[in-house]
Amino acid sequence: MKKFTKKIIVSAVSALLLTSGAAVAETEINIAGWGAKSGPLRSFGINSEAVMSAAVARVNEMGGVKLADGSMAKLTYNYSDSACNAEQAIAVARKEAAEGKSLIGIGPTCSGAAAAMFGVFQKQVDDTGDTGLQYPILTDTAVRNGLAKISQWTFRNTPNEPEMYDRLWAWIAENNPDLKTIYGGTETDQGHSNGTYSKVIVQAATRHGFTWATGDIEGLTGDIASGYKEVLNSSSNWLQADASFSVQARAFRRSNADVLIISSHPFTTCGMLKELSRQKVKPKMIVGLTSSSSAEVMKGCAAEAEGMIIPTSFAPITEAAAEVAALATANGGDADLHSAAVWENVMIIKQVIENVGITGDPDMIEQERRMIRDGLAALTETDGLLGKITRVQDEGEALKPYVFVQAQSGSWNVIHDPR
Amino acid sequence: MNFDHIDIIQSLIDGVLFGSIYALIGLGFTLIFGAMHKLNLAYAASSIAGAYSGLMSLTIFGLPPLMAFIIGPIMSGVIGLILYFVCFRFMPRGNHLAPLMASIGALFFIDELIIHETSGSPMSFPAILPDAYFFLGEFGIRGDLLLVMGFSFILMAIVMLLLYRTKLGLGTRATSQQPVAALLCGIPIHRTNSATFILAGVLGGFAGCLLAASVGVLSPLLTLPLTVKGLIVTVIGGLGSIRGAIVAGFAVGAAESIFLLVRGVNERDIYVFLLLFLFLVLRPNGLFGTTINRD
Amino acid sequence: MLEVRNLVKHFGGVRAVDGLDFKIQQGEVFGLIGPNGSGKSTTVNLVCGVFAPTDGEILLDGIDLGAIAPHNRVDAGVARTFQNIRLFSELTVWQNLWVAWRDQPGQEQGWVSNWFGRSPARRQEIQKLLEFSGLGDKADHLAGNLAFGEQRRLELARAMASKPKLILLDEPAAGMNSAEIKDLCQRVLAMKEMGMTVLLVEHVMELVMNVTDRITVLNFGKPIAQGTPIEIQNNKLVQEAYFGSAENAHGGVS
Amino acid sequence: MTYLLGILQTIGVHTLLGLSAYLLLLTGQLSLAQVGFFAIGAYVSGILTVIFSWNIFAALALGSLMAGFFAFLVGFPALRVKGLMLVVATISFSEIVRLFFFNLSWRVNVNGVEVGPDSTQGFREIRYFAANGWEQIHIVGLIWFVVMVVMLALWWLDQVRAGAVLRAVGTDELAAQSSGINLTMVKVAAMTGGGVIAGIGGGLFAHSTTYVDHHTFVILLATFAVSYPIIGGLRSVIGTLLAVIFIQGFIIEGLRFMGDYRNLIFGLLIILVMNMRPQGLLDGHLVADIRKLLSKLTKGGKADA
C-alpha cells in the first residue's frame with residue numbers, strides 16, 4: 001500500500017514537472033474532437049480520430065500554427081466518446097466549452113445528437129438574452145439537412161447533397177439516355193436517409209426527366225422537398241434495424257424501374273441489396289446514399305453492391321486525398337466522406353487561426369473563440385482534399401467538390417469527376 | 001400501395017418463413033424461462049455473439065463457411081454457461097430483479113465487446129443456399145428460409161425429446177416446477193440449470209447464425225430487436241411452452257409482413273404491438289400456456 | 001352466518017371440492033378436517049375468493065359472496081390466515097397490521113386520513129392488538145425477522161386487524177410444538193369470546209378437538225360426516241377415512 | 001462549472017425517470033412503460049412551449065398530467081398481467097407511443113419560422129430556457145427543485161399507510177388481497193403516479209436538451225429507468241438517486257479517462273454490483289445501519305448539549 005502511494009506521488013510530481021516544462025517551451029492550441037466510439041456507429045469515431053491525429057501531426061510537422069505575434073504554436077487534440085447520444089454529446093460540448101482548454105470543437109457523429117447539441121448553443125451571436133453555449137463547432141459528420149442553421153456558432157464541412165444529386169442525375173440522364181424510370185425506398189426512421197431520399201434525390205431525378213416507375217407522384221415537381229410525403233407513400237421503405245426485405249424487394253422487382261434508389265446506411269443497404277439479388281432483380285442501375293460510399297458496404301456486401309453509384313465528397317483521387325487515406329489506414333481507421341472532412345477541418349482551423357491572429361493565451365480563450373467563430377463566418381473559400389470548398393454564407397454550410405463513385409470488384413472507384 | 005390477395009398470400013409466406021428465426025430465438029428464451037422462471041435478457045446478444053465468433057473463426061483460421069454454423073452454436077453455448085454463472089448462479093433464489101439486472105449488464109457488455117472487435121461495421125455472413133429462390137406459380141419462396149423452418153421443427157422435436165425422454169429433461173422439468181423439492185430429491189439443480197443454459201445457448205447460437213445467414217449481414221444493430229422479438233414470442237406462445245414458441249414465431253413474422261404490406265413500414269410496428277398488447281390482456285396465458293391456479 | 005351450498009371446484013380433471021354443504025352459526029368455532037388433499041384449503045380459498053367456484057353458492061349472512069370481489073370480502077367481514085405463512089416480510093410488525101387495519105364500525109376515518117394520515121389513536125389500537133398477540137415489544141421489528149411462532153401469531157393478529165365477523169384459519173397449528181398449540185387454543189377461544197366466528201381447517205387433533213363446537217369431515221372433496229367433536233371421534237366412517245391405517249394415525253404431519 | 005451543471009441536469013432528469021419506475025417497483029411490478037410516459041411528457045410540454053408559446057411551468061404541468069392520464073388508461077388493462085407478460089405489455093405500450101411520435105408531423109408557422117415535431121427529422125429548437133434568458137444554474141435549480149419535491153413526496157409516502165400498502169402488495173399480492181387491499185387500484189395508482197413523475201421528467205429533458213426525436217425514447221431508455229431503482233435498492237428513494245449518480249455520474253461521465261474501455265466496463269460494473277449487492281446498493285441492512293448511526297449521533301449530540 002505504501003509503495004503504491006509513493007508511486008502515485010512520484011508520477012504526479014513528474015507529470016507536473018513535465019506539463020509545466022512544456023508550457024514554458026511553447027504555446028499549445030487545443031482542438032477538441034468527439035463522436036461515436038461506442039455503440040453501433042463506433043467506426044465513425046475511430047475513423048474521425050484516426051484522421052484527426054494524422055492531420056494534427058501534419059500541422060506540427062510543418063511547424064505548427066502561426067500566432068498573432070508571429071511565433072509558432074503546437075497544435076494538440078483530444079478525442080472523446082459521445083456515443084450517438086444527445087445527452088452525452090451535450091455533456092462533452094459543455095465540458096469542452098467550460099474547461100477553457102480547447103479553442104474549437106469538431107463533432108459529434110450522429111445528426112440526432114448534433115441537432116440536440118447545436119440547440120444548447122447561442123442561437124445568434126451578441127444576443128445577450130440567449131444563454132446558450134458560446135463555443136465554435138465545425139462538424140465533420142452530421143449530414144442531415146439544415147443543421148448548422150440552428151446556431152451561429154455551429155458550422156459544418158459536410159457534403160451538400162442537393163447539389164451532388166442534381167449533378168448525378170444530370171450526368172446519368174446525359175450518359176444513359178435509355179434509362180427512363182426510377183423506383184426506390186429508404187429507411188424511414190433515419191432522419192438523414194429519409195430526408196435526403198424524399199426531399200432531395202427523387203426531386204433531382206424528376207428535374208432531369210426521370211419518371212416514377214409506378215405512375216406519377218402527386219405534388220412532385222422537381223423542386224426540393226416537393227411532394228415528399230407522397231414520395232414516401234409511393235416508395236417501398238424499411239426501418240434501420242430491419243432484417244427482412246422480402247416485401248420491399250418484391251415491390252422493387254415489380255416496379256420494373258430502370259434505376260433503383262436505395263437511400264440508407266450500410267447495414268440495411270446490404271440487407272436490401274442481398275434480398276434483391278436473391279430475388280434476381282437486375283436493374284440497369286442502382287443509386288445509393290452518400291453515407292454508404294464507405295468501406296462498410298464493401299465489408300458487408302461487396303458482391304451484391306457491384307455497380308451501385310453514389311456521389312461522394314471524398315475519394316482518393318488527388319494526391320492529397322490519397323495521402324490522407326493512407327494516413328488514416330496507418331492510424332487504424334478509414335478515410336471516407338465523413339472522416340476525411342476532419343483533415344480539411346483541421347486545415348481550415350489552422351487557416352482561420354492564422355487569418356484572425358490569436359495569442360493562444362488561456363486567459364483570452366473566450367475572446368479568441370469568438371474571433372475564430374467570426375473568422376469561420378468570414379471564410380468564403382478554402383482548399384479541400386478534392387478542390388476548393390466554398391461556404392453558403394448565412395447557413396454555416398459548406399459547398400464541397402464531389403465525385404461519383406461506383407462499386408467495382410470490392411472497392412469504390414471514381415467513374416465521373418465533375419470538378 | 002396497391003395489393004391484391006396474391007400479395008397478401010405472398011407476404012404471409014414471407015412472414016411465416018422469416019418467423020422461423022423468431023421461433024428459434026423464442027425457443028431458447030422459453031427454455032430458460034421455463035427452467036428457472038427468470039429472464040435472461042442477454043440471451044439474444046449471446047446468440048449474435050455466437051454468430052460473430054463463428055464468422056471470425058472463418059477469417060482467423062481460414063475454415064470453410066459451414067464451420068461457422070458449428071463454431072457459432074458452440075461458442076454461444078459457452079457464453080450461455082458463463083452467463084449462468086455470472087448472472088444467475090449466485091443470486092438469492094427469491095430475488096428476480098437482481099439476475100434480471102445482471103443480465104441487462106451482460107447484454108450491454110456483450111454488445112460493446114462485439115462493437116469493440118468489429119467497430120460496429122456490418123459484416124458479410126456466408127449465405128446458405130444463396131441461389132435457392134423458387135417460384136411456385138405466382139409466389140416466390142426463399143429456399144434458405146425454408147431450410148430454417150425445417151431446422152426449427154427439427155430443433156423443436158429434439159428439445160421436446162430431451163425434455164420428455166431423458167433424465168436431464170426430467171431434472172429440468174422437476175427443477176422448473178419445484179426447485180426445492182427437486183433439490184431434496186437429489187436432483188443436482190445447479191448442474192441441471194447449467195445444462196439448460198448450455199442447451200439454450202447452443203440453440204440461440206444456431207438461430208443467430210441462421211439469422212445472419214438469411215439477412216446476409218451481421219450487425220450489432222440486430223441484438224435489441226431480436227431480444228424484443230424473443231420476449232414477444234415467448235409470451236405469445238405461453239410461458240415455457242415449446243410448441244407455443246414455434247407457432248408464435250411464425251405468427252409474429254406473418255403479422256409483421258402483413259401489416260408492412262397493408263399499412264406501410266411506418267405504421268407496421270404500431271399494429272403489431274397493438275395486437276400484442278390486446279393479446280396479452282385478453283389471453284394472458286398465451287397460445288399454449290397452462291393456467292396456473294394452484295400454488 | 002356462513003352458508004355453503006353444493007360447492008364444487010374442479011381443477012382440470014381433479015374434483016378438489018365436490019358438492020360441499022355446511023352452515024356455520026354465529027359465534028361458533030367450526031372445524032373442517034380431512035386427510036391431505038381432501039379439499040379443505042381449497043374451500044378456504046373459495047370462501048376468500050382466491051378461486052372462483054365451478055358451481056355452488058357461498059352466503060355470508062344471506063349475501064352471496066360470489067358477487068363480491070375478493071378484496072371486498074374483507075369489508076364484508078371475512079379474514080384469513082395462510083397454511084404457509086404469508087406475511088409482508090419487508091414491513092415492520094406493526095405495519096403489517098396497519099395495512100390490513102379496519103376501524104371499528106361507526107368510527108371509520110375519512111378516505112384521506114385512512115391512506116395518508118398517521119393517526120396516533122390508530123397506532124395505539126394497533127399496539128393493543130399486538131400486546132394481545134404477545135408481540136407488543138416487537139412492533140418495530142421486520143416481520144421477516146420474527147421467530148416461527150411469532151410469525152404465526154402476527155398473521156393471526158393481521159387477520160383480526162380487519163375486524164372480521166368470520167375468520168378462516170388455514171392449518172394455523174402446522175409446525176407448532178405442543179406449548180405453542182396450547183397457546184393457540186387459548187387465542188382461538190379468546191377470539192370466540194370476542195364475538196368472532198371461526199372456521200378452522202386443521203390436521204392437529206389436539207387443537208380441533210379442544211376448541212371446535214362442530215366439525216365437518218371431508219374426504220375427496222365430499223363431506224362424509226358432521227357433528228360435535230365427540231360424535232366425530234366416535235364415527236366409524238371417519239375413522240376409516242381419516243385414521244384408516246395405523247401409519248397415518250398421526251395427523252400432525254402436513 | 002457548466003460541465004458539472006450539465007451533468008447535474010442529466011442526473012436530475014434520470015433520477016425522475018428512475019423514481020417513476022421505483023414507485024411501481026414498490027408494488028412488485030416491473031414496467032418498461034416509463035419511457036412511454038417520459039416521451040409523452042417531453043412531446044406534450046415541448047409542443048406547448050414551442051407551438052403555443054405557453055409558460056414553461058404550465059407546459060410541464062400539463063405534460064406530466066397527460067403522461068399520468070395515459071398511465072392511468074394503460075394501467076387498467078396492462079396491470080392485469082404480471083411478470084414477463086407485464087414486461088412485454090409495457091414494451092408494446094412504449095413502442096406504440098414512440099412510433100406515434102415517429103409518425104407525428106405537426107409543423108406550425110410561429111413568428112415566421114416553421115416549428116414543431118417533424119416525424120423522423122425530430123422536434124428541434126425546444127429552446128424556452130435559453131430564449132427566455134434562463135441561466136444554466138436556473139435550469140439546474142428547477143430540475144432539482146422538482147427532484148427534491150418528488151423525493152420528499154415519495155419519502156413521505158413511506159411514512160403513511162399508503163406506502164406500507166404499496167410495499168405490502170409488492171411483497172405478497174395474495175396476502176395483500178386477503179387483507180382487503182384492492183390490488184388493481186393500488187397498482188394503477190402507482191402507475192399513474194409513476195406516469196406523472198416520468199412525464200415531468202420528460203418535459204424537463206426536452207427543454208434541457210432542446211431536441212427530441214423518437215430515437216431518444218427507445219426501449220433501452222426504459223431499461224435504464226428500471227435499472228436505477230434496482231441497482232439502488234428499493235428500501236429508500238435515496239437508493240435510486242445513488243444509482244443514477246453511479247451510472248450517469250460515475251460510469252458514463254466519470255470514467256471518461258478510461259477512454260475506449262469505459263463502455264466495456266459499463267456492463268461489467270452492473271453485473272458486479274448485482275452480484276455483490278443483489279438487494280441494491282442501498283439495501284435493508286445498510287439503511288438500518290445508517291439509521292442506527294444517525295440516532296447514535298443525534299443522541300450523542302444531545303448528551304453533549
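Numbers restart at 1 for each chain; the letters A, B, ... are given by sequence-line order, proteins then strands.
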Q: Applying salt bridge (charged side-chain N to carboxylate O under 4.0 Å, His left out), run through R98(D) and D189(A) and close with a yes or a no.
A: CA-CA 11 Å; R98(D) 180 178 75 82; D189(A) 58 341; 5.4 Å; no
Q.
Need one label for S119(D): side chain, backbone, both or neither, based on atoms under 4.5 Å from any heavy atom in chain A.
A. neither
Q. Non-hydrogen atoms of chain D under 4.5 Å away: do they reach the side chain of L232(A), the backbone, both or neither?
A. neither
Q. Can you check whether K123(A) reaches E125(D) side chain to side chain, under 4.5 Å on heavy atoms?
A. yes
(Q) Quick one, Y135(A) and T2(D) - any side-chain contact, counting heavy atoms below 4.5 Å? (A) no
Q: Using the test ring-ring contact (aromatic ring centres under 6.0 Å, His included), find all partners of F93(D) that sit at least two apart in sequence or belong to another chain.
A: F37(D)
Q: Kindly indicate, with the supporting measurements, whether the criterion side-chain contact (heavy atoms from CB on, under 4.5 Å) is fulfilled by H215(D) and C110(A).
A: CA-CA 11 Å; H215(D) 287 300; C110(A) 294; over 6 Å; no
Q.
Using heavy-atom distances under 4.5 Å, tell me whether Q121(D) contacts chain A through its side chain, its backbone, both, or neither.
A. both
Q: Grab the two heavy atoms, one from G132(A) and one from A130(D), that are nearest each other, plus how far apart they are.
A: N-CB, 4.2 Å
Q.
Is there a side-chain contact (heavy atoms from CB on, under 4.5 Å) between F205(D) and E87(A)? Walk through the geometry before answering.
A. CA-CA 9 Å; F205(D) 172 83; E87(A) 283 177 317; 3.3 Å; yes
Q: Please tell me if the side chains of T131(A) and Q136(D) come closer than 4.5 Å, counting only heavy atoms from C-beta onward.
A: no
Anything under 3.5 Å between a donor and an acceptor, one on a side chain of residues 245-255 of chain D, the other on a protein residue two or more places apart or in another chain? List them.
{"residue": "Q248(D)", "atom": "NE2", "partner": "H14(D)", "partner atom": "ND1", "Å": "3.4"}
{"residue": "Q248(D)", "atom": "NE2", "partner": "Y228(D)", "partner atom": "OH", "Å": "3.1"}
{"residue": "E253(D)", "atom": "OE1", "partner": "Y3(D)", "partner atom": "OH", "Å": "2.7"}
{"residue": "E253(D)", "atom": "OE1", "partner": "R256(D)", "partner atom": "NE", "Å": "2.9"}
{"residue": "E253(D)", "atom": "OE2", "partner": "R256(D)", "partner atom": "NH2", "Å": "3.1"}

Q: Examine whether an atom of E49(A) lies under 4.5 Å from a heavy atom of chain D, and if so say whether it belongs to the side chain, the backbone or both; otherwise answer neither.
A: neither
Q. Under 4.5 Å, heavy atom to heavy atom, which residues of residues 94-106 of chain A contact chain D?
A. R94(A), K95(A), A98(A)
(Q) Please check this pair: side chain of R127(D) against backbone of G119(A), looking for a donor-acceptor N/O pair closer than 3.5 Å. (A) yes
Q | Residues which pass side chain to side chain donor-acceptor pair (under 3.5 Å) with S94(D), listed by chain and number, not counting sequence neighbours | A | none
(Q) For S105(D) versus K229(A), what's the shortest heavy-atom pair and its separation? (A) OG-NZ, 4.1 Å
